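For reference, the structure discussed in these notes is given below.
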Amino acid sequence: MNQAMNQAQAANPNRVNIINFIRGFEPRDPIDLVEPVKEQLALVQRHGLPATWLLQYDALINPAFADLLQDADDKQEIGVWFEVVQPLAEKAGIPWRGRFAWDWHAHVAFTVGYTPREREKLADVLMEDFRARFGYYPKSVGSWFLDAHALAYLSDTYGITASCNCKDQWGTDGYTLWGGYYNQAYYPSRLNGFMPAQTEACQIPVPVFRMLGSDPIYQYDARLGGNGQSVITLEPVYSGAEGGGGIPRWVRWFYDVNFRPEQVSFGYTQVGQENSFGWALMKDGLIDQVEELAGRQAKGELRVETLEASGRWFKAAHPVTPASSISALTDWRGEGRQSVWYYNRYYRLNLLNNDGELWIRDIHLFDERYEERYLKETCPDRYSHYDTLPVVDSARWSSGDKPAGLRPVAYDGEGQARPLAVRSVQTDESTPGELIIRIDTEDGETLAIRCSERQVVFAASRPDWGLEIRWGDSSELPDMKLESDAVGYAFRDHPYRVQFIGGLPPAPIPQKRNGQAQDAAEEGLTASADGIACRALGRELTLRF
């Protein structure tokens with residue numbers, strides 16, 4: 001029986017990392033930081049599961065944490081959590097600028113707040129003191145975000161195997177990471193730690209796994225507040241009405257969505273919680289999640305392993321970033337929403353069926369030449385920002401009653417467009433590296449969307465159809481200019497384009513002022529235009545990137 005279970009686990013591509021990172025100081029409220037680590041360790045060892053423990057420097061130099069982990073069983077991996085704290089900065093000869101011994105503001109806590117040479121000094125102290133304590137260099141280094149210079153230095157100098165960073169979010173805790181490889185893992189560009197590279201020559205050979213487990217339907221456009229987006233993730237401390245890892249029903253739905261038997265490449269999530277939340281807040285949710293993982297692993301649905309083991313497997317299986325996907329075809333809230341994510345090393349795409357209303361709400365392109373803001377410069381304040389190249393961005397381009405996105409439309413006899421009313425959405429992930437989304441409409445027609453390496457092909461059963469990209473009044477729009485068969489974009493002065501194949505030249509959607517249609521300016525598009533449209537000449541229309 002054990003042999004059969006091991007074979008099932010080995011054959012299943014779905015991976016889970018239990019990653020608990022450990023801080024040695026919490027300035028906001030008095031809290032026992034050791035208790036969560038003891039309880040987390042006892043929990044995973046009780047179920048015979050491996051986990052990865054990432055020590056922040058102040059925890060690394062504290063025997064209360066280091067001794068505890070050194071006495072753990074041999075399934076446990078010990079690595080480092082690379083946030084800058086006062087004793088690390090001072091040992092590296094860098095004056096401390098924080099409000100407390102650990103200050104979470106981006107220009108203090110993260111490598112982006114320091115010069116490239118200072119980042120190397122900080123990394124040297126962290127890695128050498130880890131080796132002095134444990135006798136080897138760590139293979140896994142995590143952080144909410146690491147700049148490309150620091151990550152490349154850790155790879156080239158210390159040979160790390162894997163890294164992890166925060167989910168996509170807008171402004172949460174001051175950090176914006178937006179438009180990235182949505183889940184699973186990617187090889188970053190040497191010019192941009194958030195940007196998947198397209199070539200082996202330009203990639204840092206360290207897979208970066210996305211943390212926290214975002215809700216694939218609701219996290220993308222989660223409400224904005226004073227602290228940025230709200231959080232709808234697998235973290236066990238979140239159990240509000242929106243969803244999250246403290247709700248057993250949500251957790252089982254999330255596991256079902258991410259660990260499907262059929263995958264474009266592999267399913268992935270990270271389980272765990274930082275110790276600064278305290279054991280009481282995470283206890284019930286984390287115990288439930290780990291028990292459910294143990295049961296699913298026993299059934300061969302997934303494989304729980306350390307971050308370092310996932311990194312080794314990823315590097316052996318994928319010389320460049322593979323395509324991945326998430327198909328959330330059921331809605332845990334019962335509100336009729338379906339969300340499909342597809343992403344590879346060239347782009348990402350998200351489709352949303354909003355109870356019969358179909359939108360492609362997100363397309364971002366990836367370009368290894370797009371340099372991050374902090375490659376050579378330091379982040380000046382708490383509001384750090386990483387991004388990729390937007391083609392469609394519903395979360396950032398919508399305003400008021402004007403939702404942004406790309407939608408397939410049908411044309412009537414007078415040439416007026418109407419959205420397709422959707423009856424069902426299904427996915428096919430049987431072709432390696434590709435995803436097919438099959439859509440049945442209420443009027444008996446069909447639409448298939450094939451996502452592959454550098455293009456998205458729309459194939460309709462009807463001849464009278466096309467695509468529209470719409471937006472509201474938003475300051476986030478890139479510059480756009482119509483070409484004969486494409487739309488040219490420029491974002492932060494970086495040019496890119498999307499080619500339309502199989503349709504009439506893309507044209508502005510007429511603006512309406514006082515009930516009258518008006519054409520957009522002939523020279524291109526402005527933020528005041530409503531959008532662009534491309535009518536199909538036949539039954540196929542292709543977006544090529």
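The structure presented is a predicted model; accordingly, all values stated were derived computationally and were not measured. When reading the values below, keep in mind they use all heavy atoms of this one structure, side chains included, and skip hydrogens, waters and symmetry mates.
Between the side chains of Asn17 and Thr52, no donor-acceptor pair is found at a separation under 3.5 Å. Looking only at atom types and distance, the side chain of Ser339 has a donor-acceptor partner in the side chain of Asn350 under 3.5 Å away. In the model, Ser265 has no side-chain atom that pairs as donor or acceptor with a side-chain atom of Gln184 under 3.5 Å. Ser310 and Glu305 form a side-chain donor-acceptor contact under 3.5 Å, judged by distance and modelled atom types alone. Side-chain atoms of Asn344 and Tyr186 form no donor-acceptor pair, as typed in the model, at a separation below 3.5 Å.
Note on Glu368 versus Arg345: no salt bridge recorded, every NZ/NE/NH1/NH2 to OD/OE distance being 4.0 Å or above. Between Glu39 and Lys283, no side-chain nitrogen of the basic residue sits less than 4.0 Å from a carboxylate oxygen of the acidic one, so the salt-bridge criterion is not met. A salt bridge does not link Glu77 with Lys139: every distance from a Lys NZ or Arg NE/NH1/NH2 to an Asp or Glu carboxylate oxygen is 4.0 Å or more. Contact check on Glu120 versus Arg117 returns a salt bridge, with a Lys/Arg side-chain nitrogen under 4.0 Å from an Asp/Glu carboxylate oxygen. The pair Asp73-Lys75 does not count as a salt bridge, with every side-chain nitrogen at least 4.0 angstrom from each carboxylate oxygen. Between Arg190 and Asp156, at least one side-chain N (NZ, or NE/NH1/NH2) sits under 4.0 Å from a carboxylate O, which counts as a salt bridge. A salt bridge does not link Glu118 with Lys121: none of the charged nitrogens is closer than 4.0 Å to a carboxylate oxygen. Using a cut-off of 4.0 Å between Lys/Arg side-chain N and Asp/Glu carboxylate O, Asp168 and Arg348 are scored as salt-bridged.
Between Trp397 and Glu476 the shortest side-chain heavy-atom distance falls below 4.5 Å. Between Tyr218 and Arg223, every side-chain heavy-atom pair lies at or beyond the 4.5 Å cut-off. Under the 4.5 Å side-chain criterion, counting only non-hydrogen atoms from C-beta, Leu191 is in contact with Leu375. In this structure, the side chains of Tyr347 and Leu389 stay at 4.5 Å or more apart for every pair of heavy atoms. Using a 4.5 Å cut-off on side-chain heavy atoms (C-beta onward), Arg333 and Glu242 make contact.
Remark: Phe100 CZ is packed, more than 12 non-hydrogen atoms of other residues, nucleotides or ligands lying under 6.0 Å away. Residue Glu377 qualifies as open at atom CD: its count of foreign heavy atoms under 6.0 Å is 12 or below. Lys91 NZ: 12 or fewer foreign heavy atoms inside a 6.0 Å radius. By the neighbour-count criterion of 12 heavy atoms within 6.0 Å, atom CZ of Arg97 is densely surrounded, having more than that number from other residues, nucleotides or ligands.
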Inset, instruction - For Asp124 and Tyr153, run side chain to side chain donor-acceptor pair (under 3.5 Å): C-alpha distance rounded to whole Å, both residues' side-chain angles, the deciding distance at 0.1 Å, then the answer. - result: CA-CA 10 Å; Asp124 288 340; Tyr153 183 76; 2.7 Å; yes

Legend entry - Chi angles and distances behind the side chain to side chain donor-acceptor pair (under 3.5 Å) call for Tyr268, Arg210: CA-CA 9 Å; Tyr268 173 79; Arg210 303 304 304 272; over 6 Å; no

Inset, instruction - Apply the test side chain to side chain donor-acceptor pair (under 3.5 Å) to residues Asp215 and Trp250: give CA-CA distance (whole Å), side-chain angles for both, the deciding distance (0.1 Å), then the verdict. - result: CA-CA 9 Å; Asp215 185 308; Trp250 184 93; 2.9 Å; yes

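Of the listed residues (Arg15, Arg260, Arg296), just one forms a salt bridge (charged side-chain N to carboxylate O under 4.0 Å, His left out) with Glu301, and that residue is Arg296. Each of Trp53, Trp144, Tyr57, Phe110 was scored for a ring-ring contact (aromatic ring centres under 6.0 Å, His included) with Trp81, with one residue passing: Trp144. With Tyr374 as the partner, the ring-ring contact (aromatic ring centres under 6.0 Å, His included) test is satisfied by one option alone out of Tyr386, Phe145, Phe194: Tyr386. Of the residues Lys299, Arg249, Arg252, the one that meets the salt bridge (charged side-chain N to carboxylate O under 4.0 Å, His left out) test with Glu292 is Arg252.
Looking at every heavy atom in both residues, Tyr182 comes nearest to Ser214 through OH-CB, 3.6 Å.
Separation of the Tyr343 and Phe366 ring centroids does not fall under the 6.0 Å cut-off. A ring-centre distance under 6.0 Å is found for Phe130 and Tyr136. Note: Trp341 and Tyr181 fail the aromatic proximity criterion, with ring centroids not under 6.0 Å apart.
For the atom pair CD (Gln76) and CD (Gln45), the distance works out to 5.0 Å, reported to the nearest 0.5 Å.
At least one test fails for Arg23 against the ring of Trp104: distance under 6.0 Å to the centre or angle within 45° of the axis.
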